[in-house]
Protein chains: 2
Amino acid sequence: MPDRTASAPNEADRFARAREKQAVALLEDYVELIGDLIAEAGEARVADIAHRMGVAQPTATKTVGRLKREGLATARPYRGVFLTEAGAALANRVRARHRTVVALLKAVGVPEATAELDAEGIEHHVSEKTLAAFEAFLKDRQA
Amino acid sequence: MPDRTASAPNEADRFARAREKQAVALLEDYVELIGDLIAEAGEARVADIAHRMGVAQPTATKTVGRLKREGLATARPYRGVFLTEAGAALANRVRARHRTVVALLKAVGVPEATAELDAEGIEHHVSEKTLAAFEAFLKDRQA
DNA sequence: AAGGCAGTATAGCACAGGCTATATTCCGCG
DNA sequence: CGCGGAATATAGCCTGTGCTATACTGCCTT
């Protein structure tokens, strides 16, 4: 019986939430990268994914397998990797969020290079509400 | 032969960095929590750690073991857990960073509850440089 | 003082995400 | 056409972080 369903989350809940976010972070990165590769080169090859992610090729293969299991990507053996509709939608959301996070960091005075670096880790923990606040802040500021 | 030691990190480097951050994030959380428990109750028991982290007790025991291996904590079997000097210093840094991240999120318009939630994941990816920028921004703003 | 319960540790499992080494497949070129 | 190298997949290992089930300690209470 959940005794705090609608109230403020306690510490344990916050940690649990952060753990969940972390679990999907990698999938988000892969999906975004695959989308980029398809846009850039017309196709996403496992070797390119591995290279851009900075991991060994079998690691990329294994993770692509996980993307398939999660319904985010499709792939025929020895051929390229493609995004499902869900995968493409996720890629777009992730890309937009990434841009917003970088923009916000820069807006509060973080140097561009550092903003890009830190955004890679931060973005996965930015909720819809926080993202909306970021966008509002940026809009205000440029007005 | 590193060919980009001093230049802008490429995509693979950014991902590698994010992966490293993630690896220490849990240790940071444990150390901070142990510090809190000692401050609040005079001691940090494994059962309390597990409860506050939202994990099962053996998971807490295992992670405390890792903290010991990393030189951040000490513990005598069936007794409480204590922080080493390094652990206590880390706890203080983490706590300060957490406060700053929450304050920045609120300053750009994120609701308090959401700020607390998201900060839990975000803070581990905030570099020294970004933290400094956050502090400068907050100082400016309150002036 | 002894027994029992609460707290802690250990054992052993699963899964994710790394890795290297090796097998398999594809495809272009001779 | 077939062969060889490049790309991909598979096998098998390690570590980290969860879990449940079970063993062990320590301490309070009777």
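In the text below, chain A, chain B and the rest are named by the order of the sequence lines, each starting its count at 1.
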Got a list of side-chain donor-acceptor pairs under 3.5 Å for residues 53-62 of chain A, not counting sequence neighbours?
unit_1  : atom_1 : unit_2  : atom_2 : d
A:Gln57 : NE2    : A:Thr61 : OG1    : 3.1
A:Thr61 : OG1    : A:Gln57 : O      : 3.2

* With respect to A:Arg97, which candidate in A:Glu120, A:Glu28, A:Glu32 satisfies the salt bridge (Lys or Arg N to Asp or Glu O under 4.0 Å) definition? -> A:Glu28

* Asked: Is it the case that one hydrophobic cluster holds both B:Val101 and B:Leu117, taking links as side-chain heavy atoms less than 4.5 Å apart, direct or via other members?
  -> no

* Decide, yes or no, whether a salt bridge links B:Arg17 with A:Asp118 under the criterion of side-chain N to carboxylate O below 4.0 Å. => yes

* Asked: So does A:Lys68 have more than 12 non-hydrogen atoms from other groups sitting under 6.0 Å from NZ?
  -> yes

* To do: With sequence neighbours excluded, tell me which residues meet side-chain hydrogen bond (donor to acceptor under 3.5 Å, both in side chains) with A:Lys21.
  => none

* **B:Glu128 atom CD, over 12 foreign heavy atoms within 6.0 Å** => no

* To do: May I have the distance from B:Met53 (atom CE) to D:dC19 (atom C1'), rounded to whole angstrom?
  => 15 Å

Where do N or O atoms of nucleotides 4-8 of chain D meet protein N or O atoms at under 3.5 Å, pair by pair?
unit_1 : atom_1 : unit_2  : atom_2 : d
D:dT8  : OP1    : A:Arg45 : NE     : 2.6
D:dT8  : OP1    : A:Arg45 : NH2    : 2.8
D:dT8  : OP2    : A:Ala47 : N      : 2.9
D:dT8  : O3'    : A:Tyr78 : N      : 3.2

* Using distance alone, with no hydrogens and no angle criterion, decide if A:His124 and A:Gln22 have a side-chain donor and acceptor under 3.5 Å apart. => no

Please output the side-chain donor-acceptor pairs of residues 73-94 of chain B that fall under 3.5 Å, not counting sequence neighbours, one pair per line with the distance.
unit_1  : atom_1 : unit_2  : atom_2 : d
B:Thr84 : OG1    : B:Gly71 : O      : 2.7
B:Thr84 : OG1    : B:Leu72 : O      : 3.1
B:Thr84 : OG1    : B:Ala86 : N      : 3.4
B:Thr84 : OG1    : B:Gly87 : N      : 3.0
B:Asn92 : ND2    : B:Ala88 : O      : 3.4

Can you name the atoms? Protein N/O to nucleotides 14-17 of chain D N/O, anything below 3.5 Å, with the distance.
unit_1 : atom_1 : unit_2  : atom_2 : d
D:dG16 : O3'    : B:Arg66 : NH1    : 3.4
D:dT17 : OP1    : B:Arg66 : NH1    : 2.8
D:dT17 : OP2    : B:Arg66 : NH1    : 2.2

* To do: Would you kindly give the NE2-to-P distance between B:His51 and D:dC19, to the nearest whole Å?
  => 13 Å

* **Nucleotide interval of DNA chain C bounded by contacts with chain A (heavy-atom cut-off, under 4.0 Å)** => C:dA16 to C:dC27

* Can you tell me how far the CZ atom of A:Arg66 sits from the CG atom of A:Leu26, to the nearest 0.5 Å? -> 7.0 Å

